[in-house]
Structure formats: C-alpha cells, structure tokens
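See below for the structure under consideration.
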Amino acid sequence: MSNYHFIGIKGSGMSALAQILHDMNHSVQGSDVEKTFFTQQPLEKKNISILPFQADNIQEGQTVVASAAYGDTHEEVKQAKQAGVEVHSYPQFLGEFLQNFTSIAVAGSHGKTTTTGLLAHVLEAYKPTSYLIGDGTGKGMENSRFFTFEACEYRRHFLNYTPDYAIMTNIDFDHPDYFSDVDDVVQAFNEMAQKVKKGIVACGDDEHLQKLHAPVPIVYYGIEGKHDFNAENIIVDENGTSFDVQIRGDRFGRFTIPGYGKHHILNALAVIAICHYEEVPAAIIREQLATFSGVKRRFTEKTSGSQVLIDDYAHHPTEIRATIESAKQKYPNRPIAAVFQPHTFSRTKAFLDDFAASLQMADYVYLCDIFGSAREQDGSLSIEDLKQRIPGAKIIQEDGVQVLETHNDAVLLFMGAGDIQKFQSAYEAHLESSKQ
C-alpha cells in the first residue's frame, strides 16, 4: 500500500484520481484552498482527508501528486523538494498509472466528460473498469481490465499519455490564453495521435479530425456522410433519441439513449465503436446506453413548480448551442431562459460575437458577471460588452434572481464553468422561502 498526498486535491481530475487510488486500498490525503467545490463531496464521502495548504503536510515516504495549477513556488511543492520527496505532476502521474490497464483516452474540445462517463457505464457491465471523469468522479478497481479517462488538450497536457485507444470527439478553438488559433489546436491533437498505441476512434463529421495523421488505424463515426460507424433513422420522442447503427454499411442494431441533441448521438457512436472493437456484446451496449443517467453538471435537471431548472457546464459557444438544442428537443413547447456566466476574460473576449449568437437561440437571456480565472487579470472587458450584442438581454445579480420566477412553464438553463451554481442555489432558496 502506498501513501499519497495530493496538492490541489479539489481539482476535478485530482479529486477523481484520489478516489481511484483510495478505492484500490491505498492511503490517500490531500490539501487545497478552503473554498467549497462540488468536487470535494465524493472525497468527503470516502473519508479522504482534505487539509489546508501548509508545508507540514509533506512527510517522508509520501508519493506527492501536484495539480498542474501549482508550480515550484507553492509552499508544499517547495517543502517536498527541500525534503527530497519527488513531486509528480498530475498529467505525468496519470500517464504512468494508465499503463497498468487497457487504457482509453477521451479527448476533444467538447463532450469529453459525458463520453467518458458513458463509456465507463457501458464497459463496467462487461469487464472490471476503472475510470476518471472530469466532473470529479473517479472509481478504481484493483483487477481492472479497462481504464477510461479524460485527456485534456489544455497546455497539451494530453501529450503525457500513451493510451491504447483514443476517442476524439471534435476539435474547436478554445483556451485562447494558450492556443494561438484552431490550427494550433489541430496540431496538438495530431501530436497526441502519434502517442496512441492501438487505434483512434474519431468523429468524421468534424472537418478538423478528417485531417488527422496517426501511426495507428483511425476509425470514423458520424451522422453526415458515410463513415465506418453511422447513425441513421433518428427518432426523437419522450423516451429520448433512437437510431440505427450501420458498421461499414451493415446494420449493427437499433439503440436508444436518454439524451437529446446531435452531440449525444455522436458520443454514443464513439462508445459503440470502441466497444465493438473490444468485443462487448451488442446486448450489453444497448442496455447500458439506455440506462445512462448522465454526469455531474451536464444537463442536470430538477423540477420546481411549473419550471424545469437545468445546471450545465457549457462555457463555449459550441457547448451553449448544444445545450439549448437539447432543451428545445426535450421541451419543444416550453420557453427557454438562458442564465449564463462567462468563464475567463480571455475566452469571453475571443468569442464575444459567437457567445452572443449562440445565446440568442434562447427566448430570454440573463447574463452574470464574468468569472475570471486565477491565471489572468483583465479589467478591459465587462459583461456589458456581451449584453450590448444580445437584444433584450439583462444582467442578473445573485440577489436579483427572483426575476426568473416571471417565466412560467419555462426551462431555465444555468450555464457556465465558474460558480454559476450559486445563482441557481439562490433562486431555489427564493422559491422555497416564497412557499412559507
């Protein structure tokens, strides 16, 4: 049994990895800031100690894993180096850890978390599976056959990994604080493709992924055009979305997923392709796809009175469009009210017009102040710059959420990667107090 200490344990990947090692009967603790994050709840449920940052947390004999957010100047990192304790970066440690399994990396500008969760849900019904999901969920099994995990392109972190397989969902320009343009992102994915050992499953409907070059076979899936794996005869009803799957022109079967929107079909196709190559029986794939309940902060629904409240991580124009499309397909006769909190000044500035265009798909738009990243300081932009580009948009504060109550029978979409949940929580508290 090893003794692990995680510096920045509340990070989504770090939290998930800590849970995996704990499940595998290792001793695990970690440290972080005292602010509450949703990722710490599963850690607390497993009685994994979360300590405040301090140099004394570092002890001899520990294996120290540090979040990529904390470098050599952090007090615990400095203490470890002074004590001669090796510090492993999260991507470096994960890259070494996954060599113990048949590993499947899920990469892409959008859809990584949901696809990883769906793949884990299907595979674990077939063989023992460990998984690391970007919503802070991790599960470890000592006898795992498979290990499926999110592989993030930011700062080219995914180049630390040499997985057996990779799913690539799409390529889009994001993280403008790091990538110069979409061609830079494409280059990063091509670099990652060189590190895959067995095969790549990529979305053929994505023009950038069509340009992939790799030393291993690339299998394409999609809806538009003729790919190795195609979805056809798509039907949307109250149960979700049903479609036929063709494998190189031969019918493989009909499948139903609870989700709505083209992106959910594509995610399912990616999972079907991997499972087909690992000889997972079609009956298991069909049953597991139909019973997937989703992942945290991805179209997470609850009903309050006549309204439906949805929490979603959407923080890029492409993701906003996909989330609004899902809401319209599932609730075609209800008005859609988008409550959006931009995440980082650099992303907001780079996609200002795209954010405005995607948000206008909603019937009503409410905007929260920009949630700035710890790695940037930019006072030259404000939420007013976005508001001016969206006719009828309103700025909303945490103490003014009661205005949302005027939208009877509406679907309220709370979207963002910052702390947008506090707006939904404030609104739910307002509704609760109104009943008393």
> Lys81: what forms a salt bridge (Lys or Arg N to Asp or Glu O under 4.0 Å) with it, not counting sequence neighbours?
Replying inline: Asp72
>> Holding to ring pair (Phe, Tyr, Trp, His ring centres under 6.0 Å), I want the full list of residues that pass it with His110, two or more places apart in sequence or in another chain.
In response: His316
>> I'd like to check the side-chain contact (heavy atoms from CB on, under 4.5 Å) partners of Ala290; sequence neighbours left out, ordered by chain and number.
In response: none
> Taking the six-membered ring where the residue is Trp, are the ring centres of Tyr4 and Phe93 under 6.0 Å apart?
Replying inline: yes
> Is there a donor-acceptor contact under 3.5 Å from the side chain of Asp174 to the main chain of Ser109?
Replying inline: no
> Partners of Glu287 by salt bridge (Lys or Arg N to Asp or Glu O under 4.0 Å), sequence neighbours excluded?
Replying inline: none
>> Taking ring pair (Phe, Tyr, Trp, His ring centres under 6.0 Å) as the definition, give me every residue that meets it alongside Tyr161, ordered by chain and number, with sequence neighbours left out.
In response: Phe149
> In chain order, what residues pass the salt bridge (Lys or Arg N to Asp or Glu O under 4.0 Å) check against Glu153, with sequence neighbours excluded?
Replying inline: Lys112
> Are the side chains of His264 and Thr114 in touch, meaning some heavy atoms are under 4.5 Å apart?
Replying inline: yes
> Residues in side-chain contact (heavy atoms from CB on, under 4.5 Å) with Ser12, at least two apart?
Replying inline: Thr39
>> With ring pair (Phe, Tyr, Trp, His ring centres under 6.0 Å) as the criterion, how do Phe423 and Tyr366 come out once you've worked through the C-alpha distance, each side chain's angles and the decisive distance to 0.1 Å?
In response: CA-CA 11 Å; Phe423 289 85; Tyr366 293 90; over 10 Å; no
> Looking at the rings of Phe173 and Phe351, which for Trp means the six-membered one, are their centres under 6.0 Å apart?
Replying inline: yes
>> For residues 200-216, which residue pairs pass the salt bridge (charged side-chain N to carboxylate O under 4.0 Å, His left out) check, not counting sequence neighbours?
In response: none
>> Over 60° means perpendicular and under 30° means parallel, so tell me whether His343 and His315 are parallel, tilted or perpendicular.
In response: perpendicular
> Would Asp177 and Lys349 count as a salt bridge (Lys or Arg N to Asp or Glu O under 4.0 Å) if you check the C-alpha gap in whole Å, the side-chain angles of each, and the deciding distance to 0.1 Å?
Replying inline: CA-CA 10 Å; Asp177 62 319; Lys349 186 175 183 179; over 6 Å; no
> What class does the angle between the rings of Tyr70 and Phe53 fall in, given that below 30° is parallel, 30 to 60° is tilted and above 60° is perpendicular?
Replying inline: perpendicular
> For the ring pair Phe189 and His208, is the centre-to-centre distance below 6.0 Å?
Replying inline: no
>> Restricting to ring pair (Phe, Tyr, Trp, His ring centres under 6.0 Å), what partner residues turn up for His157, sequence neighbours left out?
In response: none
> Which residues satisfy the ring pair (Phe, Tyr, Trp, His ring centres under 6.0 Å) test with Phe37, sequence neighbours excluded?
Replying inline: none
> Of all residues at least two apart in sequence or in a different chain, which pass the salt bridge (Lys or Arg N to Asp or Glu O under 4.0 Å) check with Lys195?
Replying inline: none
Please output the side-chain donor-acceptor pairs of residues 132-141 that fall under 3.5 Å, not counting sequence neighbours, one pair per line with the distance.
unit_1	atom_1	unit_2	atom_2	d
Asp135	OD1	Thr137	N	3.0
Asp135	OD1	Thr137	OG1	2.8
Asp135	OD2	Thr137	OG1	3.4
Asp135	OD2	Lys296	N	2.9
Lys139	NZ	Glu124	OE1	3.3

